[in-house]
Amino acid sequence: MVSEFMLQQTPVARVLPVHEQWLARWPTPADLAAEPTGEAVRAWGRLGYPRRALRLHAAATAIVERHGGEVPSAYDDLIALPGVGDYTAAAIASFAFGRRHVVLDTNVRRVFARTVQGVEFPSASVTKAEREVATELLPDDDATAATWAVAVMELGALVCTASNPRCAACPVAEQCTWRASGYPAYDGPPRKVQTWAGTDRQCRGRLLAVLRDADGPVHRSRLDAAWSEEAQRVRCLASLVEDRLVVHAGADTYALP
DNA sequence: CATGCGTGGGG
DNA sequence: TCCCCAAGCAT
């Protein structure tokens, strides 16, 4: 569950060391739930999207309150937890508990887009037809379905990659529609790339990094020095407070919660 | 359904 | 150098 939260939009290589330290410090949900949320934010480090740290902490708290401290195995219980959506609920139920679920992440979607649909990339959002294909291909029994889910996902992550796929090493290359049709280039709507320089997201990251790297509360002037554009800085600090990633500690000081 | 939300590595 | 991302979620 911890790894799934961390892997939501963050590459595996960057997750590994943080995941290891996290589990050494908080081996159970109760251990994490007993800490202030700010400790989770600090331990999250530079994985990005720090709201995931708050959600993981909130999920740990909910697990203690609603499930006796044990991570639930049922999809419906999992998806009811903060920060757990369809993918994460299915992944935990399947990978950790061996249940039969359609695990549909970006890697799996790409594998099916190529092998079944014959296109280079899947659509921007999951379609009904796409989910039906994934459901139909899923093996019937729990154990085989769970193995299938992790196998297809690894295939997408390691072989059927977004760029420079290693088709020579692909076990289903002979069955791949995209390959059979001569690797037609992607011709859908342009895939959106998120801007970064000068955005609120960058500003928030800078501000939070100051607090993360400090031992205790920091003076407003330290935050002022981290971002020169005042209106944006003020707006972003307010949004961080609103998001509970930062608290107003004193008259002119801020801290992690 | 589109948008906002971090970060640093690789092509 | 610069661009494109990488195992989503909540709103």
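Owing to the predicted nature of the structure, the values given are computational and were not obtained by experimental measurement. Order of the sequence lines fixes the chain letters, A, B, ..., with proteins taken first and strands second; residue numbering starts at 1 for each chain.
- In this structure, A:Y75 and A:H101 have parallel ring planes: the angle between them is below the 30° cut-off, well short of the 60° mark.
- Heavy-atom distances under 4.0 Å link DNA chain C to A:R55 of residues 40-56 of chain A, given in residue order.
- When all heavy atoms of A:P122 and A:R109 are compared, the closest pair comes out as CB-NH2, 3.6 Å.
- The side-chain contact (heavy atoms from CB on, under 4.5 Å) check on A:S181 picks up A:T177, A:P184, with sequence neighbours excluded.
- For A:Y49, there are no ring pair (Phe, Tyr, Trp, His ring centres under 6.0 Å) partners two or more places apart in sequence or in a different chain.
- Atom CG of A:L245 and atom C1' of C:dA10 are 14 Å apart (whole Å).
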Identify each donor-acceptor pair in which a side-chain atom of residues 152-166 of chain A lies under 3.5 Å from a protein atom, sequence neighbours left out, and give them as a table.
unit_1	atom_1	unit_2	atom_2	d
A:T161	OG1	A:S163	O	2.9
A:T161	OG1	A:N164	O	3.3

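- Closest-nucleotide positions on DNA chain C for A:S3 and A:V84 were compared, and the one nearer the 5' end corresponds to A:S3.
- Rounded to an integer number of Å, the gap from A:Q194 CD to C:dC4 P is 12 Å.
- Between the side chains of A:E4 and A:Y87, at least one donor-acceptor pair of N or O atoms lies under 3.5 Å.
- Around the CD atom of A:E229, the shell of radius 6.0 Å holds more than 12 heavy atoms that belong to other residues, nucleotides or ligands.
- A 4.5 Å side-chain heavy-atom check between A:L78 and A:T88 finds every atom pair outside the cut-off.
- Contact footprint of chain A on DNA chain B: nucleotides with an atom under 4.0 Å from a non-hydrogen protein atom, first to last in 5' to 3' order, B:dT3 to B:dG8.
- Among the heavy atoms of the strands, none lies under 4.0 Å from A:S125.
- The CZ atom of A:F121 sits 12 Å away from the P atom of C:dC4 (whole-angstrom rounding).
- Of all the residues in residues 71-81 of chain A, not one reaches under 4.0 Å from DNA chain C with any non-hydrogen atom.
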